[in-house]
Number of protein chains: 2
Amino acid sequence: MTPQRMAILNYLKGNLEHPSAEDIYKAIGKKFPTMSFATVYNTLETLKQMGQIRELYCDPYKKRFDPNPNPHHHVVCTQCQKIVDLQDEIRIKPPTLTTEKFEILGSHIEFYGICSKCKSKNSSSRKEETIYVKNRTGS
Amino acid sequence: MTPQRMAILNYLKGNLEHPSAEDIYKAIGKKFPTMSFATVYNTLETLKQMGQIRELYCDPYKKRFDPNPNPHHHVVCTQCQKIVDLQDEIRIKPPTLTTEKFEILGSHIEFYGICSKCKSKNSSSRKEETIYVKNRTGS
DNA sequence: CTGGCTGCAAATCTTTTGCATCCTG
DNA sequence: CAGGATGCAAAAGATTTGCAGCCAG
């Protein structure tokens, strides 16, 4: 456990934003200005292997990281890519695969929709054409 | 509807592999050797807008495309990224969001696990360390 | 002629890798 | 000293964009 790892883990733990690698890099960079992207990715990979964090794929633009490794589901805003944890216990039974035999190891439900912030943004840009946001660096 | 679009749509329709843009590019390239990646992405975007296909994010390495726009769920092999449709009707009720108010528009369940092919591959490489495959170009 | 579609190349963004260096024990 | 962790720069992979040319209406 190096200081950098502590910093990343601390940043993640309790964080509900499901940050991307870039978010983490930027946030930690304030405390460790010399830290490199490679270290962030290395550390995230290590933490993932250790089962401390989970990688999420529900943001089409980048991978996101969830500090809660326990199984739970998510709601995703398809406009701003905000990801919110679901505390609901949703019980689903494994699928009946007839042709394919999979060893099922887990499951993940993602609900998608529009968050309240984006919805109000939408209505404020009245009749204008919805702008298709492409550049996502700003996250 | 240009020939290129027809070709892409034809390739997708009935395809159960959930191909990536690259898969599509390569496959169509046999019939349209001059077609460019840009056209593939353009077309896929257009088809998506038209509601003819769906974009899947459950492959961590690249986006995958599903010719079936009707709501259904998937099983994903975490080793080879094979994606299989689920025909099971799974009814889940929308989550109870207390703090966040989302307008829920849909949901997607992904089961993940190991497909039979990968499982037999695993056992054949007996006690050896599992190789962590990084280069995914070959898909 | 106009607008949309194509093809090509270049750019962008995210993620990974190689390698030299640095610590820790 | 050895092994793992770091930092940096470069590479790789996926996707997007700019722009000129083409084609159908």
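Reckoned from all heavy atoms, side chains included, excluding hydrogens, waters and symmetry mates.
- Pairing each heavy atom of A/F111 with each of B/K93, the nearest pair is CZ-O, 3.8 Å.
- Not less than 6.0 angstrom separates the ring centroid of A/H72 from the ring centroid of A/H108.
- Between the CD atom of B/E45 and the C1' atom of C/dT6 there is a distance of 17 Å, rounded to whole Å.
- Judged by distance alone, with hydrogens and angles left aside, the side-chain atoms of B/K13 form a donor-acceptor pair with the main-chain N or O of B/P67 at under 3.5 Å.
- With hydrogens and angles ignored, the 3.5 Å screen pairs no side-chain donor or acceptor of B/H18 with any backbone N or O of B/D66.
- Atoms OH (B/Y57) and P (C/dT14) sit 15 Å apart, rounded to a whole Å.
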Could you list, one pair per line, each protein nitrogen or oxygen that sits under 3.5 Å from a nitrogen or oxygen of nucleotides 20-23 of chain C, together with the distance?
none

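- With sequence neighbours excluded, no residue satisfies side-chain contact (heavy atoms from CB on, under 4.5 Å) with A/K31.
- Rounded to an integer number of Å, the gap from NZ of B/K63 to P of C/dC13 is 14 Å.
- Residue pairs meeting the salt bridge (charged side-chain N to carboxylate O under 4.0 Å, His left out) criterion with at least one partner in residues 94-104 of chain B, sequence neighbours excluded, are A/K82-B/E100, A/K119-B/E103.
- Phosphate proximity of C/dT15 to A/Y41: present, with a side-chain N or O under 4.0 Å from OP1 or OP2.
- Protein atom CD of A/E55 is 12 Å distant from nucleotide atom C1' of C/dT14, rounded to whole Å.
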Listed pairs, N/O of protein and of nucleotides 8-11 of chain C, under 3.5 Å:
{"residue": "C/dC8", "atom": "OP2", "partner": "B/T34", "partner atom": "O", "Å": "2.9"}

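- Using a distance-only test at 3.5 Å, with no hydrogens or angles considered, a donor-acceptor pair links the side chain of A/D23 to the main chain of A/S20.
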Expected string for nucleotides 19-25 of chain D under the B/S/- scheme (protein heavy atoms, under 4.0 Å, primed atoms plus P, OP1, OP2 as sugar-phosphate) is -------

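- Straight-line distance from the CG atom of A/N42 to the P atom of D/dT6: 7 Å, rounded to whole Å.
- A donor-acceptor contact shorter than 3.5 Å is absent between the side chain of B/T39 and the backbone of B/M35.
- Note: CG (A/L47) to P (D/dG4) measures 17 Å, nearest angstrom.
- A cation-pi arrangement, defined by a distance under 6.0 Å to the six-membered ring centre and an angle within 45 degrees of its axis, is absent between A/K48 and A/Y41.
- Comparing atom distances between the B/T43 side chain and each of C/dT6, D/dT15, C/dT15 picks out C/dT6 as nearest.
- Centroid-to-centroid, the aromatic rings of B/F37 and B/Y25 come within less than 6.0 Å.
- Look at B/E55 and B/R64 and you find no salt bridge, because none of the NZ, NE, NH1 or NH2 atoms lies under 4.0 Å from a carboxylate O.
- Of the side-chain N and O atoms in A/T2, one or more sit less than 4.0 angstrom from OP1 or OP2 of D/dT6.
- Look at CD on B/Q49: it is 15 Å from P on C/dG4, rounded to the nearest Å.
- For the pair A/R5 CZ and C/dT24 P, the computed distance is 14 Å after rounding to whole Å.
- In this structure, of D/dT15, C/dT6, D/dT6, it is D/dT6 that holds the atom nearest to the side chain of A/Q4.
- Scanning for side-chain hydrogen bond (donor to acceptor under 3.5 Å, both in side chains) contacts around A/T96 gives B/D88, with sequence neighbours left out.
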